[in-house]
Participant: 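Got a structure for you, written out below as structure tokens; questions coming shortly.
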Amino acid sequence: MLKNTLFYAGFQDVLLASREYWLPLALAWQDVSVRYKRSAIGQLWLTLNTLIYIASLGLIFGTLFRFNLHEYLPNICAAILTWNFINTSISDGCLAFINSDSVILQVKLPFFTHIIRTVARNIIVFGHNIVIYPIIAISVGYKVNLYALFAIPGLIFILINLLWVCTILAVLCTRYRDLHQVVISILQIVFYATPVVWDAKILPPTVSPLLVKLNPFYNFIDLVKRPLMGQLPYASEWLFCGTLAVFGWAIALCVLGKYKHRIAYWL
Amino acid sequence: MALIRLNNVGVEFPIFNAQNRSLKNKVLNLVTGGKIESRAGNLVVIKSLQDISLNLADGDRIGLVGHNGAGKTTLLRVLSGIYTPTSGECTIEGKCVSLINIQLGINHEETGRSNIKLRAAMMGMRPKQIEEKIEEIAEFSGLGHFLDMPFRTYSSGMQIRLAFATSTSIEPEILIMDEWLSAGDENFKDKANQRMAQLLDKTKILILASHSRELLEKNCTKILWLEHGKVRMLGETSEVLSQYFSRSEK
């Protein structure tokens with residue numbers, strides 16, 4: 001009975017890919033390590049760019065709006081780092097199948113393998129960028145405490161959600177090539193609409209706070225930002241992201257199950 | 001036990017961006033390629049394969065012949081399990097490796113040694129197997145100290161050697177090839193041919209698409225002749241080949 005459902009077909013693909021997890025991880029590792037060839041600091045160039053971006057943005061906005069830099073800088077640093085991870089994972093995820101077309105057309109691999117590769121690559125990049133946080137925190141003298149460790153489960157929650165988002169988008173973007181550009185534009189809007197560089201507290205009373213509270217991206221970022229800032233994340237945020245993951249995964253598995261036999265034809 | 005069973009298999013490609021078809025294309029279509037049809041809603045579909053039925057079991061060595069665009073590559077992809085047929089039934093049992101592009105997975109910035117690992121992983125070898133085989137592959141390639149140099153510094157002959165050595169180290173049940181693997185210079189050729197023969201011995205089912213009569217006669221027991229995506233002829237090697245080539249020469 002269950003075996004004939006789309007859900008099961010999608011589930012099988014994910015299961016097969018997860019069993020051979022070392023392959024996408026090795027490929028992701030290689031994707032990043034190639035950036036170090038012929039360049040002494042490789043991926044760290046991008047980290048350096050991010051550091052400059054965060055420092056200048058923090059200083060300019062902090063001065064313009066008379067924020068307390070001691071708190072504002074670490075705050076926006078944690079938020080931007082997390083946002084960048086989510087943002088690049090999703091926009092890379094759109095191209096997960098398109099960029100692997102030569103592999104897909106020659107080797108029969110579970111499609112989820114390519115999704116793991118994309119997200120894993122972005123985690124490695126995030127691992128590079130996270131060193132910016134202590135640099136900023138130390139330079140403004142902000143005290144980080146042990147609660148920071150709670151950022152790790154927060155990151156795992158983000159990860160679980162990113163995997164389903166990327167699965168759905170990768171399938172759709174392979175079929176409708178224009179969609180990738182649309183996704184990039186939407187992410188741009190989301191960046192401004194989500195409290196990344198601004199604080200949720202400055203929302204005018206005329207705007208419902210639910211607009212922020214129900215924004216998945218706000219919840220994702222908070223799961224990592226609050227622990228890094230030395231506060232425990234809210235249980236409601238965990239619950240929100242957990243529920244989102246369950247529904248998202250259910251849809252993603254059905255989408256994958258329905259279209260996995262068509263993906264090769266669309267490439 | 002490896003097995004391939006195709007039952008009235010058909011493959012249709014949706015072409016989302018082909019809106020108009022000119023008369024010229026229609027005429028050309030008569031000469032090469034599959035059938036281009038327009039379905040309801042103006043969606044153009046290419047019927048790449050139609051009504052292909054084929055049964056292969058252990059020991060079968062089948063050759064594919066046909067003009068450009070007759071559907072050989074599409075059929076190879078169906079047989080590797082990459083395209084799921086849009087009609088008909090298709091059963092494939094056994095570990096299948098396709099050697100269509102033997103450089104797939106190779107990265108030009110990486111060293112030869114890491115490229116052996118990457119290439120082997122791409123063919124479905126697990127890390128443990130790779131560790132076991134890497135010395136043998138390295139030795140066969142005869143690249144010596146160059147294995148620790150980036151792949152991009154290799155001459156094209158050396159690049160082929162490395163890709164060949166790695167690609168032929170697998171043990172597939174079903175082997176799919178588009179043309180024979182050529183292996184560079186004369187010294188290496190004998191060694192390479194010997195290795196290919198060994199690989200074929202271990203393979204249970206061979207599927208080889210080729211334009212070379214000599215190659216097909218030497219390696220295949222059956223030939224499938226594709227034309228416009230349909231089976232034109234399926235039978236004994238000598239019989240099909242003599243008809244196919246006599247027709248081509250006209």
Participant: Quick check on B:T73 against chain A: is it the side chain, the backbone, both or neither that has a heavy atom closer than 4.5 Å?
Facilitator: neither
Participant: I'd like to verify something: which residue of A:L109, A:L105, A:L23 has the highest number of heavy-atom pairs under 4.5 Å with chain B?
Facilitator: A:L105
Participant: Non-hydrogen atoms of chain A under 4.5 Å away: do they reach the side chain of B:L118, the backbone, both or neither?
Facilitator: side chain
Participant: For the CZ atom on B:F140, are there more than 12 heavy atoms of other groups (residues, nucleotides or ligands in this structure) within a distance under 6.0 Å?
Facilitator: yes
Participant: Quick one: CG on A:L267 to OH on B:Y83, what's the gap to the nearest 0.5 Å?
Facilitator: 8.0 Å
Participant: Would you find more than 12 non-hydrogen atoms of other residues, nucleotides or ligands less than 6.0 Å from B:R113 atom CZ?
Facilitator: yes
Participant: Could you check whether atom NZ of A:K258 has more than 12 heavy atoms from other residues, nucleotides or ligands sitting under 6.0 Å from it?
Facilitator: no
Participant: Near A:F191 CZ, under 6.0 Å, is it more than 12 heavy atoms from other residues, nucleotides or ligands?
Facilitator: yes
Participant: In this structure, are over 12 heavy atoms from other groups packed under 6.0 Å from B:E179 atom CD?
Facilitator: yes
Participant: Would one find more than 12 heavy atoms of other residues, nucleotides or ligands at under 6.0 Å from atom CZ of B:F13?
Facilitator: yes
Participant: Quick check: do B:N107 and A:Q30 have side-chain heavy atoms less than 4.5 Å from each other?
Facilitator: yes
Participant: Please flag which part of A:I104 lies under 4.5 Å from any non-hydrogen atom of chain B: side chain, backbone, both or neither.
Facilitator: backbone
Participant: Could you tell me which portion of A:R262 (side chain, backbone, both or neither) has an atom closer than 4.5 angstrom to a non-hydrogen atom of chain B?
Facilitator: side chain
Participant: Side-chain contact test, heavy atoms from C-beta onward, threshold under 4.5 Å: evaluate it for B:S98 versus A:K108 and give yes or no.
Facilitator: no
Participant: Name the member of B:E110, B:M123, B:K117 that forms the most heavy-atom pairs with chain A at distances under 4.5 Å.
Facilitator: B:E110
Participant: Specify the closest pair of heavy atoms between A:Y265 and B:T84, including all atoms of both residues, with the distance to one decimal.
Facilitator: OH-O, 2.6 Å
Participant: Between A:R19 and B:R126, which heavy-atom pair has the shortest distance, and what is it?
Facilitator: O-NH2, 4.3 Å
Participant: Go through the atoms of B:P150 and report whether side chain, backbone, both or neither lie under 4.5 Å from a heavy atom of chain A.
Facilitator: neither
Participant: At a heavy-atom separation under 4.5 Å, does B:L104 approach chain A through its side chain, its backbone, both, or neither?
Facilitator: side chain
Participant: Counting neighbours of CH2 on A:W29 that are heavy atoms of other residues, nucleotides or ligands and sit closer than 6.0 Å, is the number greater than 12?
Facilitator: no
Participant: What's the verdict on side chain to side chain contact (heavy atoms under 4.5 Å, CB included) for A:Q106 and B:M122, showing C-alpha distance, side-chain angles and the deciding distance?
Facilitator: CA-CA 10 Å; A:Q106 188 173 336; B:M122 243 350 152; over 6 Å; no
Participant: Considering residues, nucleotides and ligands other than A:Y36, do more than 12 of their heavy atoms fall under 6.0 Å from its OH?
Facilitator: yes
